[in-house]
Amino acid sequence: MRRHLAYVLAVAAALSAAVGWAVLRDANTGASMTVAARAFVETLSDEQKASVVLAADSPLRFDWHFIPKDQRKGLQIKHMNDAQRTAALGLLRSALSQSGYDKATRIMSLEGLLHELEKGRSGGAIRDPERYYYTIFGEPNELGRWALSVEGHHLSLNFAVAQGRVIASTPTFFAANPHLVRDGMPGGVPVGTRVLAEEELFAFQLLESFSTQQRRRATLADKAPRDIRAAGELQSPPYAAEGLPFTALNGTQQQLLRQLIAIYARNLPTDLASARLQAIELAGYGQVYFGWAGADQPGIGHYYRIQGPTFVIEFVNVQPDAAGNPASHIHSVWRDPTGDFGVTARRS
């Protein structure tokens, strides 16, 4: 795997240019989202609006999860006409970077592959590329407060906007099954598609660079956990940071960890990604920890966690994909320990 290090560092430099500390263009994602949300709502019938536009204080805003479900809040893409679908995708595009948008739409497309692979399985989960739901809480405008949820199997995106600016963007959940589309898989997804490749590649390269002592400190457990922690819960519990501290890394390793974090941040538009990275910088990278559990090679269950005062990233790849390939089913999330959904977390 060392032969890939030069490639990883080259990609790291490109990522730094994209979401680093360069002068940013004048961007306001909240304003763009507000315009796109209004345009989407204007395409809806009165009956559709009743299911899409809910009260700003509805508790359904906090009802999030990435598992397949028979029912979710909001309106499915399946039940939209062409104009509505175009507007819905425009709203999704306004809330994400190009990279994040590509991941989200590819995750949706993988449902078609899962549908084909799981045909005939009794009691099987619902698989449908159009079974993704849009919900808006409150009236989108530049003066008030409103929120957006876009959710379905393996995707949960949650935003809160106030006075035309995004004030919260977590939980942000992306997943992939399979993590790599192989020859012979049905469903029309191109062979070689790997939705969360960078998230896995950079982490393995970082782990490989560790000394024996560093790896010992980074190891959280010999076996990877089954899934991310506190899935579907309103707030991420106040877990203590564990693993190897940023200060125990050498310069190259620190660069790799920064770029791994940036891969997650850049799922959002430039202004939001930069705000996430700046918050980490202000809190201090000295308080950031990297932890690993499970195998140190692909194809066997593995997990990592990156945690600091303003964020928690979790990545887990332990389940087989729908074709039975081991450790080919990824779950990943970015959460805010100070309060997801823009709600200040209560700590005991």
Short side-chain donor-acceptor distance under 3.5 Å, [Y] and [X]:
| X | Y | value |
| --- | --- | --- |
| R93 | Q98 | yes |
| R131 | H153 | no |
| Q48 | H79 | no |
| R72 | S149 | no |
| W334 | S169 | no |

Which heavy-atom pair separates [X] from [Y] by the least distance, and what is that distance?
| X | Y | value |
| --- | --- | --- |
| L113 | P178 | CD2-CD, 3.7 Å |
| E111 | Y132 | CG-OH, 3.2 Å |
| R266 | I263 | CG-O, 3.3 Å |
| F137 | A55 | CD2-O, 3.6 Å |
| P68 | I126 | CB-O, 4.0 Å |
| V318 | A224 | CG1-CB, 3.4 Å |

For this session: Give the C-alpha distance, both sets of side-chain angles, the deciding distance and a yes or no for side-chain contact (heavy atoms from CB on, under 4.5 Å) between H302 and I300.
Result: CA-CA 6 Å; H302 51 279; I300 307 173; 5.7 Å; no
Do [X] and [Y] belong to the same hydrophobic cluster, where Ile, Leu, Val, Met, Phe, Trp and Tyr are linked whenever their side-chain heavy atoms lie under 4.5 Å apart, directly or via other members?
| X | Y | answer |
| --- | --- | --- |
| L180 | L110 | no |
| L117 | I107 | yes |
| V166 | W64 | no |
| V312 | L234 | no |
| I228 | I313 | no |

For this session: Would you sort out whether E142 and R38 count as a salt bridge (Lys or Arg N to Asp or Glu O under 4.0 Å), showing the intermediate values?
Result: CA-CA 11 Å; E142 293 82 1; R38 279 204 302 256; 3.0 Å; yes
Exercise. Going through the distances and angles, do R85 and I77 end up as a side-chain contact (heavy atoms from CB on, under 4.5 Å)?
Worked result: CA-CA 6 Å; R85 292 178 187 213; I77 295 175; 4.1 Å; yes
Going by heavy atoms in the side chains, are [X] and [Y] under 4.5 Å from each other?
| X | Y | result |
| --- | --- | --- |
| M33 | P140 | no |
| R258 | F246 | yes |
| S274 | L277 | no |
| V181 | P190 | no |
| R61 | V343 | yes |
| T135 | L60 | no |
| Q319 | N177 | no |
| Q253 | L244 | no |

What distance separates [X] [atom1] from [Y] [atom2], expressed to the nearest 0.5 Å?
| X | Y | atom1 | atom2 | value |
| --- | --- | --- | --- | --- |
| T34 | L91 | OG1 | CG | 9.5 Å |
| S94 | L89 | OG | CG | 11.0 Å |
| Q205 | E208 | CD | CD | 5.5 Å |
| T247 | L249 | OG1 | CG | 7.5 Å |
| L148 | L157 | CG | CG | 8.0 Å |
| S58 | I136 | OG | CD1 | 13.5 Å |

Distance-only, no hydrogens or angles: does the [X] side chain make a donor-acceptor pair with backbone N or O of [Y] under 3.5 Å?
| X | Y | answer |
| --- | --- | --- |
| Q259 | L256 | no |
| N141 | E139 | yes |
| N317 | H329 | yes |
| R305 | G291 | no |
| Q287 | G308 | no |

Less than 4.0 Å between a side-chain N and a carboxylate O, is that true for [Y] and [X]?
| X | Y | result |
| --- | --- | --- |
| D63 | K73 | no |
| E233 | R335 | no |
| E199 | R194 | no |

Exercise. side-chain hydrogen bond (donor to acceptor under 3.5 Å, both in side chains): which pairs involve residues 220-229, sequence neighbours left out?
Worked result: D227-H331, R229-E314
Mutual orientation of the aromatic rings belonging to [X] and [Y] [parallel < 30°, tilted 30-60°, perpendicular > 60°]:
| X | Y | answer |
| --- | --- | --- |
| Y134 | F40 | tilted |
| F210 | F290 | perpendicular |
| F62 | F341 | perpendicular |

Problem set entry | Identified side chain to side chain contact (heavy atoms under 4.5 Å, CB included) counterpart of F159 within the set T29, T172, L268, V150 | L268
For this session: Please say which of N267, I330, V333 ends up in a side chain to side chain contact (heavy atoms under 4.5 Å, CB included) with F174.
Result: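 When side chain to side chain contact (heavy atoms under 4.5 Å, CB included) is applied between F174 and each of N267, I330, V333, only N267 qualifies.
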For this session: Kindly determine whether T170 and R276 satisfy side-chain contact (heavy atoms from CB on, under 4.5 Å), including the steps that lead there.
Result: CA-CA 11 Å; T170 60; R276 283 186 171 185; 3.5 Å; yes
Exercise. So L196 and S332, side-chain contact (heavy atoms from CB on, under 4.5 Å) or not? Walk me through it.
Worked result: CA-CA 9 Å; L196 301 172; S332 71; 4.0 Å; yes
Seminar exercise, completed: Exactly one candidate in F315, Y289, F204 meets ring-ring contact (aromatic ring centres under 6.0 Å, His included) with Y304; the answer is F315
